[in-house]
Amino acid sequence: MEESCPTNATICNGASCLQPVDNFNYILGITLSTVITTLLALVMFSLGCSVEFQKFWGHIRHPWGIVVGFLCQFGIMPLAGFVLSLVFNILPIQAVVVLIMGCCPGGTGSNILTYWIDGDMDLSLSMTTCSTLLALGMMPLCLFVYTKKWVDSSAIIIPYDSIGISLATLVIPVAVGMFVNYKWPEKAKKILKVGSIVGGILIVLVAVIGGVLYRGSWTIDPKLWILGTIFPAIGYTVGFALAYISNLTPSRSRTVALETGMQNTQLCSTIVQLSFPPEQLGLIFTFPLIYSIFQLLIALVLLAGYRIYLRTCGKKPEQENTVESPYAVTNGGFNLDEKSTK
């Protein structure tokens with residue numbers, strides 16, 4: 001029986017057929033990015049409702065916390081990615097992707113979790129803003145330093161437009177939220193409560209949807225699964241330790257830890273798709289998603305441990321300190337017992 005071409009083939013010559021390229025992942029990526037960017041902008045607006053301009057500006061004028069975060073973001077994370085790539089002896093193309101992840105700025109997910117873990121929201125938002133802005137120069141520099149062992153860094157395409165969009169969707173909504181907090185503080189509190197819950201649900205949904213819909217991409221080197229687990233854990237641990245050693249308050253140390261471990265995985269995915277041909281993407285495409293899933297899971301474990309600590313000890317770690325920075329702000333978080341006390 002003579003074989004026939006598939007109905008969607010564009011050119012047929014007997015049994016030889018040319019089928020259109022499967023753009024499922026590309027179309028899915030564009031759709032998800034648009035929806036997620038819009039939702040994140042709304043969530044960042046709600047988080048901006050917790051920020052007071054004077055305290056936010058205080059972090060810019062006295063940027064010790066931001067400096068510590070910068071050292072973790074563009075010092076520790078790229079170095080950790082380089083060392084892990086050598087230790088696990090992964091393929092050159094895989095090492096480059098691990099390094100791209102390590103060189104990315106902090107993601108907005110850290111701002112959402114900072115609220116839930118009673119961190120310093122003013123510091124968190126100022127760190128994310130500064131790291132995204134500084135990434136315009138620090139990403140090419142870090143990639144040039146660390147990737148030349150495996151590849152010519154000029155082959156890696158930095159999507160400056162994506163970084164600009166990330167910066168805009170962060171700065172503009174937060175600025176509007178700060179204005180709302182200034183003009184209508186009572187309404188700002190209600191918006192913040194709703195936005196923090198929606199944001200928590202959103203980052204979980206993003207991880208789940210990405211894991212389910214990126215079909216055909218889960219066949220990947222087991223070493224990358226291990227790296228995707230270890231890498232964010234190193235970021236959280238080293239970020240907290242360095243902040244604590246730098247004499248930052250516990251709330252600020254938790255904030256720096258989240259900002260260090262939670263990377264902008266969407267930016268990493270964009271760079272990977274722009275920089276590598278389709279035949280190589282199968283080896284590396286899923287790593288940003290793996291990192292995203294495990295950075296979230298580890299953060300949720302840390303959040304659960306923090307909540308258990310609060311219930312056991314009855315007070316926050318920073319309440320044990322006698323000296324507080326005038327610019328250290330601890331938000332109220334979401335009081336789990338709030339309904340029961342009414």
Side-chain angles (χ1 to χ4, degrees), residues 32-70 72-74 103-116 119-140 158-185 187-189 191-192 194-196 198-200 202-203 206 252 255-256 258-260 262-271 327-329 331:
L32 279 178
S33 294
T34 303
V35 173
I36 291 169
T37 299
T38 303
L39 291 175
L40 276 178
L42 294 174
V43 171
M44 296 313 296
F45 159 69
S46 68
L47 294 179
C49 290
S50 70
V51 178
E52 297 178 21
F53 177 77
Q54 288 183 341
K55 295 174 181 176
F56 181 86
W57 182 245
H59 285 296
I60 305 298
R61 291 179 57 234
H62 305 274
W64 180 235
I66 296 176
V67 170
V68 174
F70 171 83
C72 292
Q73 193 74 63
F74 296 112
C103 296
C104 283
T108 51
S110 61
N111 308 126
I112 299 169
L113 285 166
T114 294
Y115 174 85
W116 284 90
D120 186 331
M121 283 302 301
D122 301 290
L123 176 60
S124 177
L125 292 170
S126 60
M127 281 182 60
T128 303
T129 302
C130 290
S131 70
T132 304
L133 183 61
L134 292 171
L136 295 171
M138 291 305 300
M139 281 193 72
I158 307 296
Y160 293 102
D161 54 343
S162 295
I163 296 176
I165 292 172
S166 297
L167 194 60
T169 55
L170 170 66
V171 173
I172 296 174
V174 168
V176 175
M178 291 169 64
F179 177 76
V180 171
N181 188 31
Y182 173 74
K183 293 289 288 185
W184 305 284
K187 291 182 180 179
K189 291 178 182 178
I191 295 173
L192 175 61
V194 174
S196 65
V198 172
L202 176 62
I203 58 178
V206 168
R252 281 182 158 190
T255 301
V256 172
L258 286 173
E259 290 292 327
T260 304
M262 297 203 77
Q263 299 291 79
N264 190 333
T265 54
Q266 286 179 284
L267 178 60
C268 180
S269 295
T270 301
I271 296 174
Y327 300 108
V329 177
N331 73 82

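Note: hydrogens, waters and symmetry copies are ignored here, and every other heavy atom, side chains too, is used. Treat the numbers as computed from the prediction; the structure is a model and nothing was measured. Residue numbers count from 1 along this sequence.
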Straight-line distance of [X] [atom1] to [Y] [atom2], nearest 0.5 Å:
X      : Y      : atom1 : atom2 : value
Leu134 : Met139 : CG    : CE    : 12.5 Å
Phe45  : Leu192 : CZ    : CG    : 10.5 Å
Leu133 : Met138 : CG    : CE    : 12.5 Å
Cys103 : Asn264 : SG    : CG    : 13.0 Å

>> Could you report the tightest heavy-atom contact between Met121 and Thr114, atom names first, then the distance?
In response: SD-CG2, 3.9 Å
> With Lys189, which residues qualify under salt bridge (Lys or Arg N to Asp or Glu O under 4.0 Å), at least two apart?
Replying inline: Glu186
For residues [X] and [Y], determine if any side-chain heavy atom of one lies less than 4.5 Å from a side-chain heavy atom of the other.
X      : Y      : result
Thr129 : Val171 : yes
Pro105 : Leu267 : yes
Leu258 : Ser124 : no

>> Which residues pass the side chain to side chain contact (heavy atoms under 4.5 Å, CB included) test with Ile66, not counting sequence neighbours?
In response: His59, Ile60, Pro63, Leu123, Ser126, Met127, Cys130
> Does Gln263 have any side chain to side chain contact (heavy atoms under 4.5 Å, CB included) partners at least two apart in sequence or in another chain, and if so, which?
Replying inline: Gln73, Met77, Met101, Cys104, Tyr291, Gln295
> Taking the side chain from Ser131 and the backbone from Thr128, do they hold a donor-acceptor pair closer than 3.5 Å?
Replying inline: yes
>> Checking Thr260 now: which residues fulfil side chain to side chain donor-acceptor pair (under 3.5 Å) with it, not counting sequence neighbours?
In response: none
>> If the condition is side chain to side chain donor-acceptor pair (under 3.5 Å), which residues does Thr265 pass it with, not counting sequence neighbours?
In response: none
Please report, to 0.1 Å, the donor-acceptor pairs under 3.5 Å made by any side chain of residues 176-184, with sequence neighbours excluded.
| residue | atom | partner | partner atom | Å |
| --- | --- | --- | --- | --- |
| Asn181 | ND2 | Cys49 | O | 3.4 |
| Asn181 | ND2 | Val51 | O | 3.0 |

